[in-house]
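Structure record follows, encoded as structure tokens.
Computed from heavy atoms alone, side chains included, the values below leave out hydrogens, waters and symmetry copies. Quick caveat, the model's predicted, so the values are computed rather than measured. By convention in this document, chain letters (A, B, ...) are assigned in the order of the sequence lines, proteins followed by strands, and residues within each chain are numbered from 1.
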Protein chains: 2
Amino acid sequence: MTATNGGHTPADDTAGTGHAGRPANGTRAGTAPGHAPAADRDTVAVVVRQWRAVHPELDTGPMEVIGRINRCAALLQQAEDAPLRRAGLSRPEFDLLGALRRTGHELTPGELVRETFSSGAAVTKRLKQLTERGLVERRGDARDRRVAHVRLTDAGRDLVDGILPEQLAYETSVLSVLAPEGQGELAGLLAELLGRLEGRTGAVRA
Amino acid sequence: MTATNGGHTPADDTAGTGHAGRPANGTRAGTAPGHAPAADRDTVAVVVRQWRAVHPELDTGPMEVIGRINRCAALLQQAEDAPLRRAGLSRPEFDLLGALRRTGHELTPGELVRETFSSGAAVTKRLKQLTERGLVERRGDARDRRVAHVRLTDAGRDLVDGILPEQLAYETSVLSVLAPEGQGELAGLLAELLGRLEGRTGAVRA
DNA sequence: CGAGGGAATTTTACGAGTAAAACACATGTT
DNA sequence: AACATGTGTTTTACTCGTAAAATTCCCTCG
């Protein structure tokens, strides 16, 4: 979207929360080559400054990172929803189809729940709709009559294969502001962080 | 949460989409000092591998970055919702209160919409609830009777001030997997990316 | 001054997700 | 074999957010 979509962010944040912060006040934030000082280049910087003015005693450092992650995610999702809506799909629906496509084989509703990180009820509803639209098919299991097996129809597969390149092309264009090494660094740092977050499920006490 | 919360991620992704990717197959993903190769340290790496197996011709690079941003955001939000729920607040509600707290002055509903990145209708509903709970107060404008001015009550201010340190402490603990320089780098890279995303509203065609 | 145009906010109708309960079935136990 | 227990999936009741329409009010212009 960013052009097509109406422009409503579902789960944003950053703004209200407090997510922004400052990496040490000395840690040069500008990582890029010859870029502006990025005083308040983005919304997060502004928010952090506000918090610091009100609560000078708090270390707002983490906000710089987490606030930006949240905001980037929100904007990216909004942007990438456009090609999906054009195809008449919501993101969660595409995620479901994508899971089937990338694993290459049938999945049960339960497996879709895990692959998709959504609730069982949500998966049930989506499957119902996607089945009606002819994008997926279900088949009962011979052994265990509780379980079902879901697979993509040809139409479903084609739809995913048609959208995916668009998504990747858009993502590539957005990331092009970063040098290739920058992209690698970013991926690496995020992988570390994600490793901790996914690590022992819920080990980090909130 | 990550321990308290039920465990339902609202707006996740990564899994189904395709967000993951690989920074060049040579770009060492491990950015940290002496860490494991991170072969499939996280979910995103697994997903990317699946996509590459199915569509070897596509450049899945951007997925490594964007997939991780999305997944990190989802997990962070889930984790940080715990202290909020304990206080009986949803994240959007806290965002609204936070906007009032950090700006330090009254805001109109319209301003809250902008600060909070949510729809007008949503703000209206939240204000209604928060007012009933005695966390905010409204006052009509003398000049223009269409506008209202919203301010935090003492209870509202205290609530925000009580929660914020918890949030920051949690964020600090999560980010502690990264060295301080790593955090700075991450903040800087994300700032660059965010700059582009926020830049000219919707300039990047999807 | 009275109408038109526009802005701020709220209301309405509805779609989508969640938690918890309900189902349907399989399996280990005695 | 009958049952308690546990798992896979769906159903139910409800909440929340959205889009679009409706309200209320300001301001300018003829």
Between C:dG17 atom P and B:Gln78 atom CD, what is the distance in whole Å?
16 Å
Shortest side-chain distance from B:Pro109, nucleotide among C:dT9, D:dT11, D:dG17
C:dT9
Residue B:Gln129, side-chain heavy atoms: nucleotide from D:dC16, C:dA16, C:dA20 that is nearest:
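Nearest to the side-chain atoms of B:Gln129, counting from C-beta on, is D:dC16.
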Contact list (N/O, under 3.5 angstrom) for nucleotides 5-7 of chain C vs protein:
| from | atom 1 | to | atom 2 | distance (Å) |
| --- | --- | --- | --- | --- |
| C:dG6 | N2 | B:Arg146 | NH1 | 3.1 |
| C:dA7 | N3 | B:Arg146 | NH1 | 2.7 |

Member of B:Leu97, B:Val160, B:Leu96, B:Asp95 meeting the side-chain contact (heavy atoms from CB on, under 4.5 Å) criterion with B:Leu89:
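Among B:Leu97, B:Val160, B:Leu96, B:Asp95, the one meeting side-chain contact (heavy atoms from CB on, under 4.5 Å) with B:Leu89 is B:Leu97.
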Just by distance, with hydrogens left out, do A:Arg126 and A:Ser118 show a side-chain donor and acceptor under 3.5 Å apart?
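Yes, A:Ser118 and A:Arg126 have a side-chain donor paired with an acceptor closer than 3.5 Å.
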With no hydrogens and no angle check, do the side chains of A:Thr43 and B:Glu198 hold a donor and an acceptor under 3.5 Å apart?
yes
Report the residues that fulfil side chain to side chain contact (heavy atoms under 4.5 Å, CB included) with A:Ser90, sequence neighbours left out, ordered by chain and then residue number.
A:Pro92, A:Glu93
Cation-pi check for B:Phe117 against A:Arg71: NZ or CZ below 6.0 Å from the six-membered ring centre and within 45 degrees of the axis, yes or no?
yes
Base, sugar-phosphate, or nothing for A:Thr108, non-hydrogen atoms under 4.0 angstrom?
sugar-phosphate
Categorize B:Lys125 for me: base, sugar-phosphate, or nothing, with a 4.0 angstrom heavy-atom threshold over every strand shown.
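Counting heavy atoms under 4.0 Å across all strands, the contact made by B:Lys125 includes a base.
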Is B:Ser119 close enough to D:dT18 that one of its side-chain N or O atoms is under 4.0 Å from OP1 or OP2 there?
yes
Taking every non-hydrogen atom, the tightest pair across A:Gln77 and A:Arg91
CA-NH2, 3.7 Å
Check whether A:Thr153 reaches the backbone of A:Leu135 with its side chain - one donor and one acceptor, N or O, closer than 3.5 Å.
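Flag set: sc A:Thr153 to bb A:Leu135 pair under 3.5 Å.
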Under 3.5 Å: donor-acceptor pair, side chain of B:Glu192, backbone of B:Leu189:
no
Go through residues 133-145 of chain B and report each residue with a non-hydrogen atom lying under 4.0 Å from DNA chain D, sorted by number.
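Under 4.0 Å from DNA chain D: B:Arg143, B:Asp144, B:Arg145.
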